[in-house]
Colleague: 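What follows is a single structure, and I will ask about it in a moment.
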Amino acid sequence: MNIEDLIIKGLSAAIEQLYGTSADVDVKIEKTKPIFEGDYTFVVFPLVRRSGKSPEATAQELGEVVLNNTPEISKFNVIKGFLNFSIAPSYWAEALLSFDAQSNIPRKNEKVMVEYSSPNTNKPLHLGHIRNILLGYSIAEIMNAGGYDVVKANLINDRGIHICKSMLAWQRFGNGENPQSSGLKGDHLVGKYYVVFENKLQEQTADEVAAALEGRWSCENENIQKRYQDAFEKLGQAKEEKQISKLKGDIKDLVRNQSELMQTCQEMLRQWEAKDSAVIELWSSMNGWVYEGFNHTYKRLGVDFDAMYYESNTYLLGKDIVQEGLEKGVFFQKADGSVWIDLSSDGLDEKLVQRGDGTSVYITQDMGTADLKFEEHGINRSVYVVGNEQDYHFKVLFLIMSKLGRSYAPGMYHVSYGMVDLPSGKMKSREGTVVDADDLLQEMYDTAKAKTEELGKTEGLSDEVLHELYNRLSLAALKFFILKVDPKKRMLFNPEESIDFQGDTGPFVMYTYARIKSILRNAQFEGCQIKTDLVLHATEMECIKVLNEFKTVLAGAAEEYNPAAICQYVLDLAKSYNKVYNEVSILKESNEDLRNMRLQLALQTSQILQRALRLIGVETVERM
RNA sequence: GACCUCGUAGCUCAGCUGGAUAGAGCAACUGCCUUCUAAGCAGUAGGUCACAGGUUCGAAUCCUGUCGGGGUCGCCA
């Protein structure tokens, strides 16, 4: 039992002894703030009504009972309603002796799927994807360490109009270019043609769009013509800038969708769905290039997947669920044949689940895929790592599955993370302000190399080892930077300043680890028995305290889907050990018992650092 | 317009299931390498926790409102 539990147990017993029962009291303690004397604090204010005494008197009598029944506590003090316990110095050596950095949280016998990355195959990955990928991977690792069986899944959006855009542009303007001939990474090559398409579309429709915005545009399709006129009329009345730009955008899209280029693109999608062999062939070969590119980036980031889903296989799923929903009366059909769900009683709107022509929308597929995931993998929980702009979508999806009576519905969870901003504002692929994932990784690598060479501490290391070092350093810096902020919050990434190797960073923690390993190497220490009647330095006691918090932090991070908690912890531990490092000498210690104790602390700390870093995808090095 | 979300030091972020004098890192300034790796440690300076009310013994934390940033409300995914 760890020390916090011991104190809580002692407190509960004391409360029961003094005031009858502790059942209705939430007994929790916190670490005493450094400015006060003590290790752990209990706040007695909630108990004063029960005791009928002043906060001071209540704390005093409680403290006396706990002191008597808990040998690990050496003394206590009372300040106002705060009861501060001091742990007996002799306890810490024992705690270190019984501490096992390798021990695991018991398995929970619960299977969780974590879906992350889920890219489109028409563009290369960028910084936004990186946040998603790092979060997903880390959450999966944390949950696994937290006792869950985890399936990492990737649902690839490999079909649809956006894919056809790249295909059509390549067909028309590509001159047979391929990754080999161009030297471009597959996903970048396909992305290039996506941009070509957008540019050509803009060129070819510029005049028409301009005319349309002045009211001089017409379309043979009555439906479209009507929508255009509506929009144009509204534009004339609109006053707010936001509304005006939205309406202009609507009109632009309307016009562009009628262009030859877009019509051909639509036709291509229809041919794809009809399994036209030429289209399918082009599609497979271009997607192949993209997968090759993605896999390269995934590998470089050090992430992997256990299950792959492809939308080309799943896009028809969910239609039977639409039928089921109609039969159950959960959905209803409108006159045009479209199918909806009315969620107004849940504070939401009506939501379309199938188009009038019987084709699927996004959520139709997601309903089908939800069933598929639970059936295929026998999971208890399904976690979706997806940006917060889709909050509404998942709210609706989960509500629908619950209304359809899916027993798994309570196990669906959306890890909703914020966008990554640049100093210039939001990343926009159209304006070329995205930070490309591969470019970023390369820059990081170069920076890590330059920084390391500048410090000049790596003499005698082989090129191979050095390459691995630069790689790990750069990834540590990037991963730590991204994962240390609360996933829910939007974050700012400044390419010039964000990636540091000093301070609260991944390399800082790696450095702490490497220094410890250096000591252990020199001492040729691999663990031993230690005596428990030693006098520890205050920094050592503090460090052991932090070591003991690991499992609590891990369990919390798993329940909250929060890698940032691990980052924060790993920083605490590294800082705490660095203080020990500066305060006490190990190799020069002549007292063998003390020396062994310190080596043991070093060993345990290094193991926890390594374990914790792995949870956020950071690999350690022996030297740096 | 409706709903969701964020606002903490010059900058990037912790703290938010209510507890004491709000913490780190970066940037600035001062010390510490003949002593286990100075990618480190110790220190100085820097705050109306957006604003206004409320609940409470106690509010950065909970509630309401205002202001500001972002998002969603597509037969896009």
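Each chain gets a letter, A, B and so on, in the order its sequence line appears, and its residues count up from 1.
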Colleague: Do any N or O atoms from the side chain of A:N154 and from the backbone of A:S118 form a donor-acceptor pair under 3.5 angstrom?
Modeller: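 Such a contact is found between A:N154 side chain and A:S118 backbone.
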
Colleague: CG of A:N578 versus P of B:rA38: gap in Å, rounded?
Modeller: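 So the two atoms are 10 Å apart, to the nearest Å.
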
Colleague: In whole angstrom, what separates A:I499's CD1 from B:rU12's P?
Modeller: 15 Å

Colleague: Separation of A:Q568 atom CD from B:rC13 atom P, in whole Å?
Modeller: 13 Å

Colleague: Enter syn or anti for the glycosidic conformation of B:rC33, syn applying to angles within 90° of 0.
Modeller: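 For B:rC33, whose glycosidic angle is within 90° of 0, the conformation is syn.
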
Colleague: Would you say whether A:F508 stacks on B:rG40? The test is a distance between ring centres of less than 5.5 Å and an angle between planes of less than 30°.
Modeller: no

Colleague: Phosphate oxygens OP1/OP2 of B:rC6: is one of them under 4.0 Å from a side-chain N or O of A:K489?
Modeller: no

Colleague: Name the pairing partner of B:rA60, where a pair is Watson-Crick or G-U wobble with both distances under 3.5 Å, or state none.
Modeller: none

Colleague: What is the nucleic acid contact for A:P34, judged by heavy atoms within less than 4.0 Å: base, sugar-phosphate only, or nothing?
Modeller: nothing

Colleague: Return the nucleotide paired to B:rA42: Watson-Crick means purine N1 to pyrimidine N3 with N6-O4 or O6-N4, wobble means G-U with N1-O2 and O6-N3, both under 3.5 Å.
Modeller: B:rU30

Colleague: Between A:L492 and A:L473, who's closer to the 5' end of RNA chain B by nearest nucleotide?
Modeller: A:L492

Colleague: Parallel, tilted or perpendicular: which fits the ring planes of A:F394 and A:H414, with parallel below 30° and perpendicular above 60°?
Modeller: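 The arrangement is tilted - the two ring planes meet at 30° to 60°.
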
Colleague: Return a single string for nucleotides 27-37 of chain B, one symbol per nucleotide in 5' to 3' order, where B is base contact, S is sugar-phosphate-only contact and - is none, cutoff 4.0 angstrom on heavy atoms.
Modeller: --------SBB

Colleague: Enumerate, atom names and distances included, each donor-acceptor pair closer than 3.5 Å involving a side-chain atom of residues 565-577 of chain A, sequence neighbours excluded.
Modeller:
| unit_1 | atom_1 | unit_2 | atom_2 | d |
| --- | --- | --- | --- | --- |
| A:Y569 | OH | A:V546 | O | 2.8 |
| A:K575 | NZ | A:D504 | OD1 | 3.2 |

Colleague: Let's test this: given Watson-Crick or G-U wobble pairing with both distances under 3.5 Å, identify the partner of B:rA24.
Modeller: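 B:rA24 is paired with B:rU12.
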
Colleague: To the nearest Å, how far apart are A:L343 CG and B:rC3 C1'?
Modeller: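 Nearest whole value for this atom pair: 14 Å.
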
Colleague: In the 5'-to-3' direction, what one-character label does each nucleotide of nucleotides 72-77 of chain B receive under the scheme B = base within less than 4.0 Å of a protein heavy atom, S = sugar-phosphate only, - = no such atom?
Modeller: SS-BSB

Colleague: Would you please indicate yes or no on a ring centroid separation below 6.0 angstrom for A:W283 and A:Y310?
Modeller: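 Ring-ring flag for A:Y310/A:W283: false, centres at least 6.0 Å apart.
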
Colleague: Would you say the ring centers of A:F481 and A:F493 fall short of 6.0 Å from each other?
Modeller: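 When the ring centroids of A:F481 and A:F493 are compared, they turn out to be within the sub-6.0 Å range.
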
Colleague: Mind calculating the distance between NZ (A:K80) and P (B:rG19) to the nearest angstrom?
Modeller: 14 Å

Colleague: On RNA chain B, check which nucleotide each of A:V44 and A:D391 is closest to and give me the residue with the more 5' one.
Modeller: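 Taking each residue's closest nucleotide, the earlier one in sequence belongs to A:D391.
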
Colleague: Can you check whether A:F45 stacks with the B:rG19 base, using ring centres under 5.5 Å and planes within 30°?
Modeller: yes

Colleague: Strictly by Watson-Crick or wobble contacts shorter than 3.5 Å, is anything paired with B:rA2, and which nucleotide is it?
Modeller: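 Across all strands, the one nucleotide that pairs with B:rA2 is B:rU72.
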
Colleague: Can you confirm whether the side chains of A:Q390 and A:Y362 place a donor and an acceptor under 3.5 Å from each other?
Modeller: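 Side chains of A:Q390 and A:Y362: pair found under 3.5 Å.
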
Colleague: Once you apply a heavy-atom cut-off of 4.0 Å, does A:V43 come out as touching a base, just sugar-phosphate, or nothing?
Modeller: base

Colleague: Provide the Watson-Crick or G-U wobble partner of B:rG7, both distances under 3.5 Å; none if there is no partner.
Modeller: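 Here B:rG7 is engaged in a pair, and the nucleotide opposite it is B:rC67.
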
Colleague: Any donor-acceptor pair, under 3.5 Å, between the side chain of A:N84 and the base of B:rA20, if you only look at N and O atoms?
Modeller: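 Counting by modelled atom types and ignoring angles, a donor-acceptor contact under 3.5 Å is found here.
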
Colleague: Find the partner of B:rC36: check Watson-Crick (N1-N3 plus N6-O4 or O6-N4) and G-U wobble (N1-O2, O6-N3) distances, both under 3.5 Å, and reply none if neither fits.
Modeller: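 In the structure as shown, B:rC36 has no Watson-Crick or wobble partner.
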
Colleague: Whether the side chain of A:T41 and the base of B:rA20 hold a donor-acceptor pair under 3.5 Å is what I'd like checked.
Modeller: yes

Colleague: Would you tell me if any nitrogen or oxygen in the side chain of A:K579 comes within less than 4.0 Å of OP1 or OP2 on B:rA42?
Modeller: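 So the side-chain polar atoms of A:K579 do come within 4.0 Å of the phosphate oxygens OP1 or OP2 of B:rA42, strictly under.
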
Colleague: In whole angstrom, what separates A:K234's NZ from B:rG1's P?
Modeller: 16 Å

Colleague: Say whether, by atom type as modelled, one donor and one acceptor occur between the side chain of A:R472 and the main chain of A:T620 under 3.5 angstrom.
Modeller: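 The answer is yes, because a donor-acceptor pair under 3.5 Å joins these two groups.
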
Colleague: Keeping A:N582 on the side-chain end and A:N578 on the backbone end, is there a donor-acceptor pair under 3.5 Å?
Modeller: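 Indeed, once roles are kept as given, a pair shorter than 3.5 Å links the two residues.
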
Colleague: Using a cut-off of less than 4.0 Å, is there contact between a side-chain N or O of A:K28 and OP1 or OP2 of B:rG18?
Modeller: yes

Colleague: Could you tell me how far apart A:N494 (CG) and B:rC13 (P) are, to the nearest whole angstrom?
Modeller: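 These atoms are roughly 11 Å apart.
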
Colleague: Measure from CD1 on A:I516 to P on B:rG40 and round the result to the nearest Å.
Modeller: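 Going from CD1 in A:I516 over to P in B:rG40 covers 14 Å.
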
Colleague: Output yes when a side-chain donor or acceptor of A:R490 lies under 3.5 Å from a complementary backbone atom of A:V420, and no otherwise.
Modeller: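 No; zero donor-acceptor contacts below 3.5 Å.
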
Colleague: Whether the side chain of A:E350 engages the backbone of A:D342 through a donor-acceptor N/O pair (distance < 3.5 Å, no angle test) should be reported.
Modeller: no

Colleague: Taking A:P495's backbone N and O only, do any of them form a donor-acceptor pair with A:S498's side chain (distance below 3.5 Å, no angle check)?
Modeller: no

Colleague: Counting the atoms with a prime plus P, OP1 and OP2 as sugar-phosphate, which does A:K488 contact under 4.0 Å by heavy atoms, base, sugar-phosphate, or nothing?
Modeller: nothing

